[in-house]
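This report concerns only the one structure given below.
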Protein chains: 2
Amino acid sequence: MTKGTEPPYLRIVSAIRDRIARGELRPGDRVPSTRSITREWGVAMATATKALAELRREGLVEARRGAGTVVSAPPQPPPDRPAEPALTLQRIVATAVAAADAEGTKAVSMRRIAAELGVGPMSLYRHVASKDELVREMMRVAFLERPLPEPGPPGWRAKLELVCRTQWELYLRHPWLASAVSMTRPQLVPEAMAHTEWTLRALDGLGLDPDEIAREALTLPSMVRGLALSRESEAEAEEATGVGAEQWWRSLDDQVRALYATGRFPMLAGLDSEIVDDIDGLFEHALTRNLDGLQARLEHGTAPARRP
Amino acid sequence: MTKGTEPPYLRIVSAIRDRIARGELRPGDRVPSTRSITREWGVAMATATKALAELRREGLVEARRGAGTVVSAPPQPPPDRPAEPALTLQRIVATAVAAADAEGTKAVSMRRIAAELGVGPMSLYRHVASKDELVREMMRVAFLERPLPEPGPPGWRAKLELVCRTQWELYLRHPWLASAVSMTRPQLVPEAMAHTEWTLRALDGLGLDPDEIAREALTLPSMVRGLALSRESEAEAEEATGVGAEQWWRSLDDQVRALYATGRFPMLAGLDSEIVDDIDGLFEHALTRNLDGLQARLEHGTAPARRP
DNA sequence: ACCTGAACACCGTTCAAGT
DNA sequence: ACCTGAACACCGTTCAAGT
């Protein structure tokens, strides 16, 4: 029997654990949210959050982006699959990509990936010289997912839109990729170099001199990345505080409201949050501006007259 | 007397240590580079690198960006300054900013900053709730360094150029700032919000609808940041491998050359490295493209006709 | 009550011991 | 020789013991 002094959050933990054990909650099912825990057990938000955190720590449940907290799949039954497949670079990288996709960059640690593969941390180093190299390999497989077509659509504008949108989609699909790219010397990832090469080719023969072509090809992807990074930080913040921590967002809201109330930011306060959150809309806006700028440059042979 | 089995790099370490002790090399003086060590002692590059790394580890010398490796200032003599000034948020943040400016983001750890201030790691938490909050405070003081003028120069173009260039300079001056900004929810740094507010105001009254104004104001700084981040990673890479590790760059060069030799990247191979390295040139290019795009939008009332 | 050292639960990687 | 566990030198932060 449980002692009377058992902390309340542990009571909730065992209750939910029981539901899972009895099969009331099956793998993939949503576990009660923090909000509904506060109602069901009459506890504070902090207690509910702590209970879910404990279940997560035990591996019984996991936060799934956009779907709340769900029951985890039970650990692989080893009898079924007779021998572990050999440890290969491919398997390591795939495991790392899956972890990063689901939980962000900070989920990729040598020790964690090794544990997930059932080997000691040092075994990874037979296939990869360092964590940096692992990240580089992750980038390679990501870029390989969406090869650029050859020769691509006709016209420079369609071509540039295509590379940029391809990169944008890669960044959205892999919320760790943008920061990985900006932390790595591109020269070390041939698949990223291929994008630059493709872009340089798209800009060739338009009458721009080589310097301008180079600057264009280096500048455009950096804009895409910049925007993708803003999105990544949002996602990481959500992940870090756990899906159920509405509390945290509430307090953030309060802070922001307080700041707006000072009257220092009248324009910001009037901003439509739908526009701010429409990240694809922001991307298309930025892309249009850049390509319109280039188009003006191509039409006038020089920048349009300054008329402030 | 030293044993005959003493590793060669330690011989070099003691030699340089002696020169410092005798006052031949004074604080701020440049210590021999790896290159000149290989010549002077007739050792391999790896040995020279290791020797400098050891001296760095001992705190006798430090890598100074662009100036090679120099002799460190001796530790503060405590008798001179009678009592440590009280630990304040200001002192903590200033120490953190200095560390990050000199050695990049990863130099900022709670434990390191605490040690530098001569207190236990936990003492910082009396002034700051978490490392994230410390970073946020660092951002605040950085942004405060360059306040935006009121009302600013006449004309939207001059105004937008001013905010962008101001941010750009801040990013160059503080090579940790761009990644900090992209990792933080901007709503938590009032000084960053002030920049957005200023930008929104610069775009007001030009006949753009509020949605477009919002997108413009959010999109432009993200482009600046994207470019700044590319530069940061360069700087970090240089820092990480130590100023003297020409060896590493050489091997990188070799890899790149090998890749180019495959013929997969003819355009990239022809790129002028002066253009690639001229980061300010890239920035001005991107800024021009964006503002030209906006200008075209303002002049035509809509995007210029597509003519691919 | 205020302050902070010990401890916990992590890192990436070196090194040397095991086979 | 190949492989990898133990160990090192770090992290940020919780917790409880000290004042």
Side-chain angles (χ1 to χ4, degrees), chain A residues 5 7 9-10 46-47 49-50 53-54 56-59 84 86-89 91-92 95-96 99-100 103-138 176 180 183-184 236-237 239-242 248, chain B residues 7 9 46 49-50 53-54 56-59 84 86-89 91-92 95-96 99-100 103-138 180 183-184 236-237 239-242 248:
Chain A
T5 53
Y9 85 94
L10 281 183
T47 310
T49 308
K50 205 167 168 193
E54 170 62 18
R56 236 177 0 245
R57 207 192 51 75
E58 291 176 12
E84 276 289 322
L87 187 61
T88 60
L89 178 60
R91 282 217 314 142
I92 295 172
T95 308
E103 294 168 55
T105 329
K106 70 177 189 13
V108 178
S109 80
M110 299 302 273
R111 298 177 111 104
R112 204 253 225 201
I113 302 303
E116 218 150 294
L117 289 161
V119 301
M122 281 311 108
S123 300
L124 303 186
Y125 286 86
R126 260 193 311 130
H127 302 90
V128 126
S130 64
K131 187 184 172 180
D132 278 1
E133 195 181 302
L134 172 56
V135 173
R136 243 142 40 211
E137 294 295 332
M138 292 170 65
W176 47 272
M183 292 305 157
T184 315
E236 297 259 322
E239 180 68 26
T241 32
W248 190 82
Chain B
Y9 86 94
T49 307
K50 205 168 169 192
E54 171 61 18
R56 230 170 12 237
R57 208 190 51 73
E58 291 177 12
E84 277 289 321
L87 188 61
T88 60
L89 177 60
R91 282 217 315 140
I92 295 171
T95 309
E103 293 168 54
T105 330
K106 69 176 189 12
V108 179
S109 80
M110 299 301 273
R111 299 177 109 103
R112 204 253 226 204
I113 302 304
E116 219 150 291
L117 289 161
V119 300
M122 282 311 108
S123 301
L124 303 187
Y125 286 87
R126 262 196 308 133
H127 301 88
V128 125
S130 64
K131 188 184 172 181
D132 277 1
E133 194 180 303
L134 173 56
V135 173
R136 242 138 45 207
E137 293 295 332
M138 292 169 64
M183 291 307 156
T184 314
E236 297 261 321
E239 180 68 26
T241 31
W248 190 81

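So you know, we letter chains A, B, ... as the sequences are listed, proteins then strands, and number each from 1. Keep in mind the model is a prediction, meaning the values are calculated, not measured.
Counting all heavy atoms, side chain and backbone alike, A:Met138 lies closest to A:Trp176 at O-CH2, 3.5 Å. Of all non-hydrogen atoms in A:Ala99 and A:Ala107, the two that sit nearest each other are O-CB, 3.9 Å. Of all the heavy atoms in A:Glu133 and A:His127, the pair that sits closest is OE2-O, 4.2 Å. Across all their heavy atoms, B:Gly120 and B:Ala114 have their closest contact at O-CB, 3.7 Å. When all heavy atoms of A:Ala96 and A:Val108 are compared, the closest pair comes out as O-CG2, 3.7 Å.
Taking every side-chain heavy atom of A:Met122 into account, D:dG5 is the closest of D:dG5, C:dT4, D:dG12. Closest to the A:Ser123 side chain, of the nucleotides D:dG12, D:dC11, D:dT4, is D:dT4. When the nucleotides C:dG12, D:dG12, D:dC3 are ranked by their closest atom to the side chain of A:Tyr125, C:dG12 comes out on top.
Across C:dT13 and D:dT13, the matching C1' atoms stand 23 Å from one another, rounded to whole Å. Atom C1' of C:dT14 sits at a distance of 24 Å from the matching atom of D:dG12, rounded to the whole Å.
Here the P atom of nucleotide D:dT14 and the CZ atom of B:Arg111 are 13 Å apart, to the nearest Å. Between the C1' atom of D:dC10 and the CD1 atom of B:Ile113 lies a distance of 15 Å, rounded to the nearest Å. If you take NZ of A:Lys106 and P of C:dC11, they are 10 Å apart, rounded to a whole angstrom. Taking atom CG on B:Leu124 and atom P on C:dC3, their separation rounds to 14 Å, with Å as the unit. Between B:Met110 atom CE and C:dA6 atom P the separation is 18 Å, expressed in whole Å. Rounded to an integer number of Å, the gap from NZ of B:Lys131 to C1' of D:dT14 is 18 Å. Rounded to whole Å, atom P of C:dG5 lies 11 Å from atom CZ of B:Arg126. Put simply, NE2 on A:His127 is 13 Å from C1' on D:dT4, counting in whole angstrom units.
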Pair assignment for DNA chain D - dot-bracket with | for other-strand partners, Watson-Crick or G-U under 3.5 Å: ||.|||||...|||||.||
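Contact annotation: the side chain of A:Val135 never approaches that of A:Thr105 to less than 4.5 Å [non-hydrogen atoms, C-beta and beyond].
The only member of A:Val128, A:Val119, A:Thr95 that meets side-chain contact (heavy atoms from CB on, under 4.5 Å) when paired with A:Ile113 is A:Thr95.
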